[in-house]
Amino acid sequence: METGFFDKINYSASNEDSESERKALQLNGFDTVLCITGSGARSLDLLVDSPAKVISIDFNSTQNFLLELKIAAYKALNYNDFCEFIGIKHSSEKKYIFQKIVPHLSKDAKNYWTQHFSLIEEGVLYCGTWEKLLKSMLKMAYLRKGLIKALMQAPDLQTQQQIWNKQWSNVTWKLFLKVICNRFLWVHIIKEPGAQIIAKDFDVYAYIKQRLDFMANHFHFKTNHYANLIFNSGYAAECILPHHLRAENYELIKQNLHKIEIVTGSLNAYLQTCPDSISAFSLSDFSSYAPENVYNEIWENVINAATNNAKFCERQFLVKRNPELNFKSIIRNKSLENELYKSDESAIYTFCVGQINK
């Protein structure tokens with residue numbers, strides 16, 4: 001079984017609100033967009049806007065195998081079977097459904113999923129390290145089970161705010177947050193490689209607390225798919241699903257699947273092979289895994305690969321950087337960044353968005 005961070009599936013569900021990328025990139029039928037694969041959710045969400053091409057790249061081959069599996073499921077299944085297979089609905093027929101999907105997988109992806117079928121049985125959407133961690137954390141909060149239920153079933157935002165501010169956000173919660181925000185835990189127990197890049201003077205606890213408080217006071221947890229992952233460890237019936245999982249988008253996604261090109265390898269190496277050819281970049285949170293010199297090198301190669309006036313959207317979590325200070329061709333849209341900071345339903349990110357003027 002895989003042991004390295006970049007040799008296993010770390011993210012399997014939608015841990016971001018792709019509506020932000022859609023607002024930032026404003027894709028059209030002429031755009032070639034490059035994005036980091038991760039769980040594959042963003043690559044599929046972007047198909048809703050029918051760009052000319054989506055280049056989905058990841059250094060981690062298993063994340064690309066996950067995207068392949070999701071694409072194969074679209075190709076082989078109707079929406080109901082797709083929901084059962086991927087884990088939105090319960091199913092005891094996953095082995096049977098998997099056999100329908102196998103012909104649409106590459107040899108390597110077929111071998112991987114045959115050897116790791118237990119991940120499919122657990123639920124494709126929830127098989128990642130991050131999703132399993134969220135589930136474990138929820139089990140640790142069993143004493144608050146009733147309060148969690150009240151939060152997730154609050155009929156409106158006002159009721160939710162009252163529960164959060166008067167009952168949830170107390171000394172116990174703050175202590176729990178301080179424990180899970182401890183750098184030793186992330187570096188030595190979880191072994192998250194990006195933890196060592198976080199600035200020493202960055203107060204992780206204060207940032208996470210502020211963003212979760214914002215989330216609780218501005219977004220209705222009952223319908224928020226990211227809140228469902230945190231507090232339900234899965235998507236409940238009332239949840240508004242990510243774009244690519246919604247019934248109304250299913251056929252559109254299926255029709256656009258041929259536009260996805262999956263690339264396994266170094267982002268830097270790939271960008272060097274395609275100068276002046278990419279008109280949009282969905283860079284997710286790559287700064288969390290890139291030391292400053294590598295971060296700057298990637299941005300240099302992004303600029304070289306970009307068409308003039310190419311659009312970009314970079315999320316930043318605990319590592320905050322300003323690439324425009326080193327590259328004059330990067331023109332940030334601060335007003336849009338602020339808008340996305342307030343409207344993004346995953347809440348924990350800041351944004352670096354704008355255009356590349358060459």
Are more than 12 heavy atoms, taken from residues, nucleotides or ligands other than [X], located less than 6.0 Å from that residue's [atom1] atom?
| X | atom1 | result |
| --- | --- | --- |
| K334 | NZ | yes |
| K135 | NZ | no |
| K358 | NZ | yes |
| E292 | CD | no |
| Q158 | CD | no |
| Y96 | OH | no |
| K145 | NZ | no |

Looking only at the side chains, is there a donor atom on one of [X] and [Y] sitting less than 3.5 Å from an acceptor on the other?
| X | Y | answer |
| --- | --- | --- |
| N64 | D58 | no |
| E300 | N268 | no |
| N256 | S50 | yes |
| T307 | N309 | no |
| T37 | S56 | yes |

Do [X] and [Y] share a hydrophobic cluster (ILVMFWY, side-chain heavy atoms under 4.5 Å, transitive)?
| X | Y | value |
| --- | --- | --- |
| V353 | F327 | no |
| V33 | L283 | no |
| L44 | I55 | no |

Minimal non-hydrogen separation, [X] against [Y], with atom names:
| X | Y | result |
| --- | --- | --- |
| T273 | Y270 | OG1-O, 2.6 Å |
| R315 | S20 | NH2-CB, 3.7 Å |
| E337 | C352 | OE2-CA, 3.3 Å |
| R321 | S287 | NH1-O, 3.3 Å |
| N217 | D213 | ND2-O, 2.8 Å |
| E21 | S282 | CG-OG, 3.4 Å |

Distance-only criterion, 3.5 Å: show the donor-acceptor pairs between side-chain atoms of residues 197-205 and protein atoms not counting sequence neighbours.
residue: D203; atom: OD1; partner: Y205; partner atom: N; Å: 3.3
residue: D203; atom: OD1; partner: A206; partner atom: N; Å: 3.0

Do [X] and [Y] have side-chain heavy atoms sitting under 4.5 Å apart?
| X | Y | answer |
| --- | --- | --- |
| P275 | N304 | no |
| H104 | Y74 | no |
| Y250 | N78 | no |

Notebook entry, point to check: Taking only residues two or more places apart in sequence, or in another chain, which ones meet K222 in a side chain to side chain contact (heavy atoms under 4.5 Å, CB included)?
Noted result: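 Checked K222 against side chain to side chain contact (heavy atoms under 4.5 Å, CB included); matches are H220, E238.
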Looking at [atom1] of [X] and [atom2] of [Y], how far apart are the two atoms once the value is rounded to the nearest 0.5 Å?
| X | Y | atom1 | atom2 | result |
| --- | --- | --- | --- | --- |
| F82 | K75 | CZ | NZ | 13.0 Å |
| K110 | L105 | NZ | CG | 8.5 Å |
| I303 | S329 | CD1 | OG | 3.5 Å |

Check: With a 4.0 Å cut-off, would you call R22 and D49 a salt bridge?
Finding: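 Here R22 pairs with D49 in a salt bridge, since their nearest N and O are under 4.0 Å apart.
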Check: Do NZ/NE/NH1/NH2 and the carboxylate oxygens of K132 and E122 come within less than 4.0 Å?
Finding: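 Result for this pair is yes, salt bridge flagged.
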Item checked: Pair F312-W299, ring-ring contact (aromatic ring centres under 6.0 Å, His included): steps then yes or no -> CA-CA 11 Å; F312 64 86; W299 260 111; 5.1 Å; yes
Check: Of the options H243, R246, H244, which is the one that meets D45 in a side-chain hydrogen bond (donor to acceptor under 3.5 Å, both in side chains)?
Finding: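 Single side-chain hydrogen bond (donor to acceptor under 3.5 Å, both in side chains) partner of D45 among H243, R246, H244: H244.
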Next item on the list: Mark yes or no: R332 above the aromatic ring of F351, with NZ or CZ under 6.0 Å from the six-membered ring centre and no more than 45 degrees from the axis.
Entry: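 The answer is no, since R332 fails at least one limit relative to F351.
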